[in-house]
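These notes concern the structure reproduced below.
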Amino acid sequence: AYHLLSDKAFEPALPSPGQFIEASADAAFGFTNPVHVPIAIERRDRAVKFAVTALRVIFFHELAHVLRGHAIYVTSNGSSSAGDVLVESGPPKPESIQSGDVRRRALETDADDFSGRFMAKAFFREFAPGELTFSNPQFCAKAFEVLVGVVLTYSLFEKNAQYHSGSLRAYILLGSMFGELGLDTKDSARWTFVRVDALQQLMIDNNLLDASANALNADEALALAKDTLAYRDAKMLDWLRHMHPTLQPKEPGATATSTAQ
């Protein structure tokens with residue numbers, strides 16, 4: 001966050017754009033280049049606000065793992081501890097390796113989805129319903145603050161067998177958040193895409209993000225819809241029952257989402 005606020009292209013209206021001092025990097029945290037610390041206190045304050053928002057985003061994701069029953073579900077299906085909802089030990093049981101990877105992606109996507117919903121309630125509770133619009137400068141400023149926190153948090157996650165790419169996950173969170181706020185899907189997508197793209201490009205320009213690490217493509221979007229979300233919809237009651245034992249199996253033709261609503 002400090003590094004981004006040191007770039008003259010980011011928030012150019014703030015004092016002293018592009019002016020910073022260099023601080024030594026801590027390799028243990030993944031920093032390979034000196035960290036730029038903005039000279040202007042206003043820029044440092046804004047960076048701290050973005051960083052705190054990013055920490056809250058992480059908290060809501062982990063809270064979703066607990067409240068959605070993921071931690072108990074994972075331990076009851078062959079993993080050794082509740083922490084294995086994040087790092088599973090050994091092959092998933094009793095499912096196959098392939099379905100286990102889809103299961104993990106489904107759990108992470110479920111947590112991302114509900115993290116976005118929690119974010120909507122937490123970050124925008126001071127706004128009246130009529131103020132939740134992209135024509136409201138105050139709403140846009142708050143939404144941008146949250147967007148930066150999400151992008152800073154998720155962009156560094158690489159796509160693998162258990163996670164979708166950080167970019168796709170950022171869009172899932174932000175889409176869920178705006179959907180929970182009742183905003184039009186197309187309007188929020190247009191507003192979101194151009195800002196996420198510009199922010200990630202700025203991270204790339206500042207050597208904070210690899211240029212190819214999070215490139216979105218049609219194949220990954222298709223995998224999300226065809227595999228991850230389909231698995232989540234079919235299996236959702238399996239983990240929700242750990243928190244809500246009275247939930248019953250879905251009726252023929254009903255989706256898990258509608259049954260668990």
Side-chain angles (χ1 to χ4, degrees), residues 57 60-61 64-65 68-71 73-74 77-79 84-88 91-120 150-151 153-180 183-194 196-197 200 210 212-242 247 249-261:
V57 168
F60 288 130
H61 174 87
H65 274 313
R68 295 285 289 171
H70 300 169
Y73 169 72
V74 168
N77 282 272
S79 295
D84 289 341
V85 73
L86 302 178
V87 181
E88 294 191 7
K93 302 173 184 178
E95 301 168 300
S96 68
I97 294 294
Q98 182 178 4
S99 64
D101 292 339
V102 175
R103 180 187 71 172
R104 174 63 177 274
R105 280 189 171 185
L107 291 172
E108 294 298 337
T109 299
D110 193 62
D112 288 339
D113 175 18
F114 275 82
S115 176
R117 301 184 194 209
F118 297 156
M119 286 155 50
V150 169
V151 172
T153 301
Y154 279 85
S155 291
L156 299 179
F157 283 89
E158 296 183 359
K159 178 176 64 175
N160 58 42
Q162 297 179 328
Y163 291 94
H164 286 291
S165 71
S167 288
L168 184 57
R169 295 179 68 192
Y171 285 116
I172 291 170
L173 263 83
L174 293 168
S176 295
M177 182 183 78
F178 288 131
E180 187 72 17
L183 295 172
D184 179 79
T185 301
K186 290 183 179 180
D187 288 344
S188 59
R190 283 192 292 265
W191 188 92
T192 300
F193 182 82
V194 64
V196 171
D197 188 62
Q200 287 185 331
D210 185 84
S212 62
N214 284 285
L216 292 176
N217 57 64
D219 290 341
E220 187 178 13
L222 180 62
L224 171 66
K226 183 180 177 182
D227 299 325
T228 307
L229 294 180
Y231 184 96
R232 176 197 184 209
D233 194 59
K235 299 287 188 177
M236 188 184 300
L237 289 183
D238 290 349
W239 55 77
L240 287 179
R241 284 197 200 96
H242 291 286
L247 286 175
K250 62 184 180 180
E251 297 294 332
T255 65
T257 303
S258 63
T259 307
Q261 190 65 40

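- Looking at heavy atoms from C-beta onward, Phe114 lies out of side-chain contact with Met119 at the 4.5 angstrom threshold.
- By the side-chain contact (heavy atoms from CB on, under 4.5 Å) test, Thr192 pairs with Leu147, Tyr171, Leu174, Phe178, Val196, sequence neighbours left out.
- No side-chain heavy atom of His61 sits less than 4.5 Å from a side-chain heavy atom of Phe118.
- When all heavy atoms of Met177 and Ala120 are compared, the pair lying nearest together is O-CB, 3.6 Å.
- Scored by the salt bridge (Lys or Arg N to Asp or Glu O under 4.0 Å) test, Asp197 finds no partners at all (sequence neighbours excluded).
- Leu156 CG to Glu158 CD: the interatomic distance, rounded to the nearest 0.5 Å, is 9.0 Å.
- For Asp112, the salt bridge (Lys or Arg N to Asp or Glu O under 4.0 Å) test picks out Arg169, with sequence neighbours left out.
- Between the side chain of Glu108 and the backbone N or O of Gln162, no donor-acceptor pair lies under 3.5 Å.
- Residues satisfying the side-chain contact (heavy atoms from CB on, under 4.5 Å) criterion with Leu229, sequence neighbours excluded, are Thr109, Leu224, Arg232.
- Minimum heavy-atom separation, Arg68 to Trp239: O-CD1, 3.1 Å.
- In summary, the side chains of Arg241 and Tyr73 do not present any donor paired with an acceptor at a separation below 3.5 Å, with no hydrogens or angles considered.
- Under the side-chain hydrogen bond (donor to acceptor under 3.5 Å, both in side chains) criterion, Asp187 pairs with Arg190, not counting sequence neighbours.
- His65 NE2 to His70 NE2: the interatomic distance, rounded to the nearest 0.5 Å, is 7.0 Å.
- Between Lys159 and Glu220, some side-chain heavy-atom pair lies under the 4.5 Å cut-off.
- Taking the centre and axis of the six-membered ring of Tyr231, the NZ or CZ atom of Arg105 falls outside the cone set by 45° and 6.0 Å.
- The side-chain heavy atoms of Ser167 and Gln200, taken from C-beta on, include a pair separated by under 4.5 Å.
- Residues passing the side-chain hydrogen bond (donor to acceptor under 3.5 Å, both in side chains) test with Thr228 are His164, sequence neighbours excluded.
- Atom OG of Ser176 is separated from atom CG of Asp110 by 9.5 Å, given to the nearest 0.5 angstrom.
- Of all heavy-atom pairs between Ala111 and Ala64, the closest is O-CB, 3.6 Å.
- With salt bridges taken as basic N to acidic carboxylate O contacts below 4.0 Å, one links Arg117 and Asp113.
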